[in-house]
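Hydrogens, waters and symmetry mates are skipped; everything else that's a heavy atom, side chains included, is used. Numbered from 1 within each chain, the chains take letters A, B, ... in sequence-line order.
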Amino acid sequence: MSPAKKAKREQRRAGKAESAARAKRALEIVERLDDAYPARIELNFRNPLELAVATILSAQCTDKRVNEVTAILFEKYRTAENYANADPEVFQEEIRPTGFFRNKTRSILAFTQALVERHDGLVPDRMEALVQLPGIGRKTANVVLGSAFGEREGIVVDTHVIRVSERLGLSKESEPEKIEQDLMKLVPRDEWTDFGLRMIQHGRYTCTARKPRCDGCPVEELCPSAHSLG
DNA sequence: CTCCCGATAT
DNA sequence: ATATCAGGAG
């Protein structure tokens with residue numbers, strides 16, 4: 001066998017070992033997050049429609065504030081028809097504290113109008129249908145699928161998951177879709193939904209954006225960034 | 001890539 | 001002062 005071919009084979013072997021080590025480390029991270037955080041959504045909701053609306057409202061806003069707004073909102077708007085027929089001027093004021101209120105009003109009214117027109121007022125339980133709806137991107141679709149329907153079509157990749165995945169070295173990608181693909185390869189499908197929820201908990205309370213609390217972090221030993229961060 | 005919104009933590 | 005907060009559309 002030629003030296004060149006031999007070197008190539010050795011390189012492949014090393015590559016396999018490396019990816020196996022990466023997979024093992026990922027599973028260890030999954031396990032530790034499982035012990036450290038509840039797989040819990042902090043947005044309040046009682047059905048898929050409420051979760052979809054709450055998730056749209058949650059963009060660039062704390063869930064605490066979203067919950068304050070939806071506590072009142074969900075009593076008035078109980079069906080997709082209720083939202084679809086709402087006066088935009090009035091609705092805008094009702095959700096104003098969540099910020100981006102003009103865009104969110106447009107999104108929610110267009111979303112619910114599309115629900116009435118295309119889906120008999122019901123939130124669809126398939127990714128393909130959800131992302132066709134105005135105001136619903138893949139992130140919101142994954143939230144609704146995973147936590148309202150118990151589906152396992154993907155992993156929620158929001159601002160927290162992007163940051164934590166990068167810091168933990170679980171993905172070197174910058175686009176959310178590609179990060180999601182990397183995570184789906186590393187995490188068992190049964191864990192997809194809960195893993196996303198725990199990554200968000202971790203990002204909110206420990207691996208925070210500004211000043212991460214590496215002391216007491218459940219995955220500190222497994223984190224390549226632990227030293228360079230606070 | 002920018003824009004949308006304003007409160008809050010650092 | 002300014003980066004950030006469960007994003008999506010143009």
Side-chain angles (χ1 to χ4, degrees), chain A residues 33 37-46 48-71 73-74 83 88-89 91-115 123 127-149 151 153-167 173-180 183 192-215 229-230:
Chain A
L33 294 181
Y37 305 100
R40 186 165 160 270
I41 291 201
E42 304 200 19
L43 294 172
N44 295 335
F45 69 99
R46 292 168 293 189
L49 178 62
E50 289 189 352
L51 180 56
V53 171
T55 305
I56 292 172
L57 291 177
S58 72
Q60 293 296 97
C61 179
T62 61
D63 51 2
K64 180 175 178 293
R65 192 173 300 280
V66 172
N67 287 335
E68 290 169 4
V69 167
T70 57
L73 197 73
F74 291 165
Y83 289 102
E89 304 282 333
F91 192 81
Q92 180 173 299
E93 294 311 311
E94 292 170 330
I95 67 163
R96 176 181 280 271
T98 67
F100 292 172
F101 50 88
R102 293 185 184 85
N103 284 345
K104 288 175 181 176
T105 294
R106 274 194 289 274
S107 288
I108 291 170
L109 297 193
F111 163 57
T112 50
Q113 283 160 13
L115 281 185
V123 179
M127 174 65 75
E128 311 83 84
L130 280 167
V131 296
Q132 288 301 107
L133 295 163
I136 307 295
R138 190 173 174 91
K139 182 261 171 178
T140 301
N142 267 330
V143 170
V144 172
L145 286 170
S147 294
F149 289 118
E151 297 288 340
E153 295 198 36
I155 296 176
V156 173
V157 177
D158 72 335
T159 178
H160 296 299
V161 178
I162 292 170
R163 180 180 66 251
V164 173
S165 296
E166 150 83 27
R167 287 178 177 172
E173 301 290 346
S174 56
E175 295 174 37
E177 290 239 11
K178 292 187 175 179
I179 294 173
E180 184 182 355
L183 296 178
W192 283 0
T193 299
D194 288 354
F195 176 72
L197 294 174
R198 291 187 166 110
M199 286 281 277
I200 291 164
Q201 294 271 319
H202 182 57
R204 284 200 60 187
Y205 299 113
T206 305
C207 197
T208 53
R210 285 280 193 93
K211 189 172 173 251
R213 313 182 70 201
C214 294
D215 52 324
L229 302 174

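Considering A:R198, A:R204, A:H202, A:Q201 as possible partners of A:Y37, the one that fulfils the side chain to side chain donor-acceptor pair (under 3.5 Å) test is A:H202.
B:dC4 has A:F100 stacked on its base ring, the centres lying under 5.5 angstrom apart and the planes within 30 degrees of parallel.
Between the P atom of B:dT8 and the CG atom of A:D63 lies a distance of 14 Å, rounded to the nearest Å. Following rounding to the nearest Å, A:L43 (CG) and C:dA6 (C1') show an atom-to-atom distance of 6 Å. Note: CZ (A:R106) to C1' (B:dC5) measures 12 Å, nearest angstrom. As a whole-Å value, the separation of A:F101 CZ from C:dG7 C1' is 17 Å. Atom CG of A:N103 is separated from atom P of B:dT2 by 16 Å (rounded to the nearest Å). The CD atom of A:Q60 sits 9 Å away from the C1' atom of B:dC5 (whole-angstrom rounding). Here C:dA6 presents its P atom at 14 Å from CG of A:L57, a figure rounded to the nearest Å. Distance A:I179 CD1 to C:dG7 P: 14 Å, rounded to the nearest Å.
Heavy atoms from other residues, nucleotides or ligands lying under 6.0 Å from CD of A:E89 number 12 at most.
Here A:Q113 pairs with nothing under the side-chain hydrogen bond (donor to acceptor under 3.5 Å, both in side chains) rule; sequence neighbours left out.
Look at A:R213 and you won't find any side-chain N or O under 4.0 angstrom from OP1 or OP2 of B:dT10. For A:T159 and C:dC5, the shortest distance from a side-chain N or O to OP1 or OP2 is below 4.0 Å.
In the set B:dG6, C:dC5, C:dG7, B:dG6 carries the atom at the smallest distance from any side-chain atom of A:R96. Checked against C:dA3, C:dC5, C:dA6, the side chain of A:R210 finds its nearest nucleotide in C:dA3.
The residue among A:S107 and A:H160 whose nearest nucleotide of DNA chain C lies closer to the 5′ end is A:H160.
Nucleic acid contact for A:T55: none, since no nucleic acid atom lies under 4.0 Å from a heavy atom of the residue. Nucleic acid contact class of A:L197 (heavy atoms, under 4.0 Å, all strands): base. A:R65 comes within 4.0 angstrom of the backbone, heavy atoms only, and of no base. Residue A:I41 is in base contact, counting any heavy-atom pair closer than 4.0 Å across all strands shown.
We find that A:R163 and A:E166 are not joined by a salt bridge, their nearest charged nitrogen and carboxylate oxygen being 4.0 Å or further apart.
Look at the P atom in both B:dA7 and C:dG8: the space between them is 24 Å, to the nearest Å. Here the separation of B:dC3 from C:dA6, taken at their P atoms, is 23 Å to the nearest Å. As rounded to the nearest Å, B:dC5 and C:dA1 have P atoms that lie 25 Å from one another.
Residues from residues 132-143 of chain A that place a heavy atom under 4.0 Å from any atom of DNA chain B: there are none.
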CA sep, side-chain torsions, deciding dist, call: A:I95, A:L73, side-chain contact (heavy atoms from CB on, under 4.5 Å): CA-CA 8 Å; A:I95 67 163; A:L73 197 73; 4.1 Å; yes
Residue pair A:V156, A:L197: steps toward the side-chain contact (heavy atoms from CB on, under 4.5 Å) verdict: CA-CA 8 Å; A:V156 173; A:L197 294 174; over 6 Å; no
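The two atoms that bring A:G154 and A:R138 nearest to each other are CA-NH2, 4.4 Å, heavy atoms only.
In this structure, the side chain of A:K139 does not engage the main chain of A:T55 through any donor-acceptor pair within 3.5 Å.
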